[in-house]
There are 2 protein chains.
Amino acid sequence: MKTMTKGAAALPLNTIISGDCIEAMNALPAESVDLIFADPPYNLQLRGDLHRPDNSKVDAVDDAWDQFSSFAVYDKFTREWLKAARRLLKPNGAIWVIGSYHNIFRVGAALQDAGFWILNDVVWRKSNPMPNFRGKRFTNAHETMIWAGKDENSKYTFNYEALKALNEGIQMRSDWVLPICTGHERLKDEMGDKAHPTQKPESLLHRILVGSTNPGDVVLDPFFGTGTTGAVAKMLGRDFIGIEREEAYRKVAEKRIKSVRKFDKEALQTTTSKRAEPRVPFGQLVERGMLRPGEELYSLNGRYSAKVRADGTLVGNEVKGSIHQVGAAYEKAPSCNGWTYWCYKKDGKRVPIDILRQQIRAEMAN
Amino acid sequence: MKTMTKGAAALPLNTIISGDCIEAMNALPAESVDLIFADPPYNLQLRGDLHRPDNSKVDAVDDAWDQFSSFAVYDKFTREWLKAARRLLKPNGAIWVIGSYHNIFRVGAALQDAGFWILNDVVWRKSNPMPNFRGKRFTNAHETMIWAGKDENSKYTFNYEALKALNEGIQMRSDWVLPICTGHERLKDEMGDKAHPTQKPESLLHRILVGSTNPGDVVLDPFFGTGTTGAVAKMLGRDFIGIEREEAYRKVAEKRIKSVRKFDKEALQTTTSKRAEPRVPFGQLVERGMLRPGEELYSLNGRYSAKVRADGTLVGNEVKGSIHQVGAAYEKAPSCNGWTYWCYKKDGKRVPIDILRQQIRAEMAN
DNA sequence: GCGCTTCGTGAATCCGGCC
DNA sequence: GGGCCGGATTCACGAAGCG
């Protein structure tokens with residue numbers, strides 16, 4: 001068992017903790033987890049894990065009161081596990097919660113009240129849902145996920161380029177079409193029955209973990225079930241912590257995860273954004289002699305020009321400053337990317353100066 | 001003005017009431033309305049300006065009516081208008097509310113607490129949403145609607161067969177793909193600017209009203225805006241009551257609804273028969289306004305014609321049914337591909353309706 | 001008139017590192 | 001922690017303009 005120490009307590013990585021998720025979370029060290037994925041129970045019936053606010057018994061109350069009471073009990077449970085979960089998140093951590101119309105509105109409101117900051121709601125659109133047999137409602141063909149940062153200022157992880165690549169070059173939308181979990185992926189018990197009633201497809205967790213974690217991150221699932229989160233985390237080179245009350249589920253999950261193999265390191269590298277690349281000051285081009293002080297630069301559209309100065313600033317017609325500032329001033333725009341805006345003359349043709357930056361970055365990589 | 005008396009007060013049908021929706025609703029008689037459609041403020045909390053990559057500025061929804069100082073204030077407002085709305089519903093009435101992740105979880109929880117019984121959450125998947133310009137989140141490509149009965153025992157209206165027909169024989173799902181409101185349908189003010197920042201498409205209301213009301217039903221919209229609910233209600237032979245605070249919106253809505261024509265009685269009769277099941281539902285052409293209920297279609301050979309109905313069926317000379325069924329009946333053939341058989345008139349020329357299906361397929365490919 | 005290109009715009013909680 | 005400033009970032013349509 002791989003562990004990680006943070007303060008006094010140890011973080012039991014890649015294991016399944018047995019027991020109630022609220023107690024188990026409270027026993028873990030604060031601010032130690034990068035991402036939480038939670039698939040909480042949503043039946044509003046009173047169950048062993050749900051306590052009434054006053055522990056009183058309900059006997060022969062009218063329906064309205066009973067309904068209100070059961071919402072109150074569910075809300076209390078929700079607020080407690082969300083509070084425990086939020087404590088475990090690193091400052092830039094985030095959470096995903098999945099639910100249906102029975103519970104997701106209560107969970108979403110509790111999430112906001114707890115200080116989480118919603119980033120998106122994402123709809124899992126099932127390509128093969130169960131039809132509505134009685135013809136009294138719409139086919140319940142989707143579930144809702146909420147993605148939220150620990151707070152409003154959380155610098156959450158979002159692998160924009162990787163998700164865009166997953167979507168054939170187009171920005172990923174908030175509605176995901178994915179099939180439900182069937183066939184070989186669906187785990188069975190000894191009797192041949194499904195091992196868990198609501199096993200989530202690995203494709204769903206794949207997209208979530210690729211999009212909002214990096215390799216080596218710690219992912220916590222407080223309602224682990226048969227361990228889809230752990231299995232996909234392992235494949236993707238992330239560490240997981242699972243919490244599950246039911247021994248039967250833990251056993252299935254344990255066996256399942258043992259048989260999973262991590263993908264090659266190469267396969268785990270995803271498309272990265274320009275933002276992640278090292279910053280190159282424009283002045284370096286001058287220092288290195290790629291551009292000379294006094295040399296003229298031309299705007300991409302050919303309408304403007306400006307002169308390079310020795311300190312890496314530009315001077316143009318009544319404006320001077322950085323490549324970005326002068327470009328923005330000329331275009332009367334709020335901002336401007338000088339790297340793609342300005343060109344130098346090479347063999348009589350205009351070439352964007354970004355070419356020179358790329359040369360420097362290539363050198364730096366060696 | 002058509003009115004209806006129920007108890008002491010009169011019901012102002014097919015008019016727009018001026019003023020605050022809570023006060024206005026409290027002045028109306030209890031249990032007098034069949035359906036409520038509500039598009040309340042979303043409580044967007046926008047901070048700075050947002051620019052597109054081309055430096056143009058996004059026209060944000062920064063209207064005063066969308067500003068609330070806290071979740072608590074928003075919740076109080078929500079619970080009050082929901083309470084007033086619920087009082088107006090007949091015992092078997094129902095409500096639809098639309099929102100985004102900013103407000104829908106709070107609205108949904110309040111709805112449940114008020115005693116409404118959620119029947120489905122329905123996702124409006126936008127075929128052409130605004131992208132995420134900074135690459136920091138998923139494209140916000142959907143909005144969520146909640147459909148709920150007045151209480152758990154409400155015998156709500158659900159025109160299962162009509163919706164199934166609209167979806168060409170396949171049970172209607174909880175996710176609807178429809179384009180946002182643009183082009184001619186989007187209302188403009190005298191300046192040529194959009195008359196309302198969040199005008200909903202008529203196709204959305206068409207599906208809601210066909211599915212959960214009957215001709216002659218009373219539909220209330222407490223956040224009437226520019227009156228999409230009223231316009232579609234009138235087309236479909238339902239009575240409406242609108243409530244709107246802003247005079248500018250009321251004026252636009254008034255004018256809009258005046259120019260709307262009710263569809264033929266025949267077109268409003270929805271089918272009760274079962275349908276065959278191809279892929280792109282013909283009903284979508286009607287919902288999206290590509291073909292209008294009551295519009296005449298002509299056979300490719302020019303010998304026959306039939307009229308389009310609101311649920312996506314055709315009615316002709318002694319025959320009614322799907323585009324395929326009516327075509328087959330006319331040709332005394334065992335079967336017929338209605339898509340290539342039927343034409344609509346464009347600039348006096350017959351054009352096969354398959355052209356329209358291809359347009360939708362192009363959108364769906366996105 | 002037709003096809004091609006350009007331009008405008010839509011319910012948006014839309015940056016982050018360094019000094 | 002606040003302010004400065006470098007610099008990264010968009011999809012689907014419809015309308016309008018052009019040849």
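Chain identifiers are assigned alphabetically (A, B, ...) following the order of the sequence lines, protein sequences preceding nucleic acid strands; residue numbering begins at 1 within each chain.
DNA chain D is contacted by both B:G183 and A:G169; A:G169 maps to the nucleotide lying nearer its 5′ end (nearest heavy atom per residue). For B:P41 and B:K136, each mapped to the nucleotide of DNA chain C holding its nearest heavy atom, the one lying further toward the 5' end belongs to B:P41. Each of A:L119 and B:D54 lies near DNA chain C, and the nucleotide nearest B:D54 is the one positioned closer to the 5' end. Of the residues near DNA chain D, A:Q171 and A:P334, the one whose nearest nucleotide (by heavy atom distance) lies more toward the 5' end is A:P334.
The salt bridge (Lys or Arg N to Asp or Glu O under 4.0 Å) pairs that include a residue from residues 300-316 of chain A number zero, where partners must be two or more places apart or lie in different chains. For residues 295-319 of chain A, the ring pair (Phe, Tyr, Trp, His ring centres under 6.0 Å) pairs, not counting sequence neighbours, are A:Y304-A:Y330. Every pair passing salt bridge (Lys or Arg N to Asp or Glu O under 4.0 Å) that includes a residue from residues 135-144 of chain B is listed here, sequence neighbours excluded: B:K126-B:E143.
At whole-Å resolution of the value, CG in B:D49 and C1' in C:dA12 are 12 Å apart. The nearest whole Å value for the distance from the NZ atom in B:K57 to the P atom in C:dA12 is 14 Å.
Applying the 3.5 Å distance criterion, the base of D:dA8 shares no donor-acceptor pair with the side chain of A:T340. Counting atom types as modelled, B:K200 pairs a side-chain N or O with a base atom of C:dA11 as donor and acceptor under 3.5 Å.
In this view, B:R47 and A:E152 satisfy the side-chain hydrogen bond (donor to acceptor under 3.5 Å, both in side chains) rule, not counting sequence neighbours. With sequence neighbours excluded, no residue forms a ring pair (Phe, Tyr, Trp, His ring centres under 6.0 Å) with A:W117. Residues that satisfy the side chain to side chain contact (heavy atoms under 4.5 Å, CB included) test with A:P215, not counting sequence neighbours, are A:R238. The side-chain hydrogen bond (donor to acceptor under 3.5 Å, both in side chains) search around B:N55 returns none, not counting sequence neighbours. Residues passing the ring pair (Phe, Tyr, Trp, His ring centres under 6.0 Å) test with A:Y344, sequence neighbours excluded: none.
Taken residue by residue, residues 274-283 of chain A places heavy atoms nearer than 4.0 Å to DNA chain D at A:K274, A:R275, A:R279, A:V280. Residues of residues 58-76 of chain B having a heavy atom closer than 4.0 Å to DNA chain D: none are found. DNA chain D is contacted by A:S322, A:H324, A:Q325 of residues 299-333 of chain A, taking any non-hydrogen atom closer than 4.0 Å.
Ring orientation note: the planes of B:W96 and B:W176 are tilted relative to one another, at an angle of 30° to 60°. Ring-plane geometry between B:Y249 and B:H196 is classed as tilted, the angle between the planes lying from 30 to 60 degrees on a 0 to 90 degree scale.
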Query raised in the report: How does DNA chain D look in dot-bracket form if you count Watson-Crick and G-U pairs under 3.5 Å, write [ ] for pairs that cross, and put | where a base pairs with another strand?
Result: .|||||....|||||||||
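Between B:R47 and C:dC14 there is a side-chain polar atom (N or O) within less than 4.0 angstrom of OP1 or OP2. The phosphate of C:dC14 (OP1 or OP2) has no side-chain N or O of A:Y160 nearer than 4.0 angstrom. Phosphate proximity of D:dA12 to B:K126: absent, as no side-chain N or O sits under 4.0 Å from OP1 or OP2. Taking side-chain N and O atoms only, B:R52 has no distance below 4.0 Å to OP1 or OP2 of D:dT10. Between A:N337 and D:dA8, a side-chain N or O to OP1/OP2 separation shorter than 4.0 Å is present. The phosphate of C:dT9 (OP1 or OP2) has no side-chain N or O of B:K194 nearer than 4.0 angstrom.
Using a distance-only test at 3.5 Å, with no hydrogens or angles considered, a donor-acceptor pair links the side chain of B:T228 to the main chain of B:K200.
At the heavy-atom level, A:I170 lies under 4.0 Å from the strands shown only through sugar-phosphate atoms. Residue B:S100 is classed as having no contact, given no heavy-atom separation below 4.0 Å to the nucleic acid. At a threshold of 4.0 angstrom between heavy atoms, the contacts of B:E185 with the nucleic acid are absent. Residue contacts for B:N132: at a heavy-atom cut-off of 4.0 Å it reaches a base atom on one of the strands shown. Using a 4.0 Å heavy-atom cutoff across all strands shown, A:W339 reaches sugar-phosphate atoms only and no base atom. Within the 4.0 angstrom heavy-atom criterion, base atoms lie near B:D39. Within 4.0 Å of B:G48, counting heavy atoms only, lies at least one base atom of the nucleic acid.
Applying the 6.0 Å contact sphere to CE of B:M191 captures no more than 12 heavy atoms from other residues, nucleotides or ligands.
In this structure, B:R245 forms no cation-pi arrangement with B:W65, as its terminal cationic atom is not both closer than 6.0 Å to the ring centre and no more than 45° off the ring axis.
A salt bridge is defined here as a Lys NZ or Arg NE, NH1 or NH2 lying under 4.0 Å from an Asp or Glu carboxylate O, and B:D54 with B:R52 fails to meet this definition. A salt bridge links A:D113 to B:R106: at least one charged side-chain nitrogen sits closer than 4.0 Å to a carboxylate oxygen.
Which of C:dC14, C:dA12, D:dC11 sits closest to the side chain of A:K164 comes down to D:dC11.
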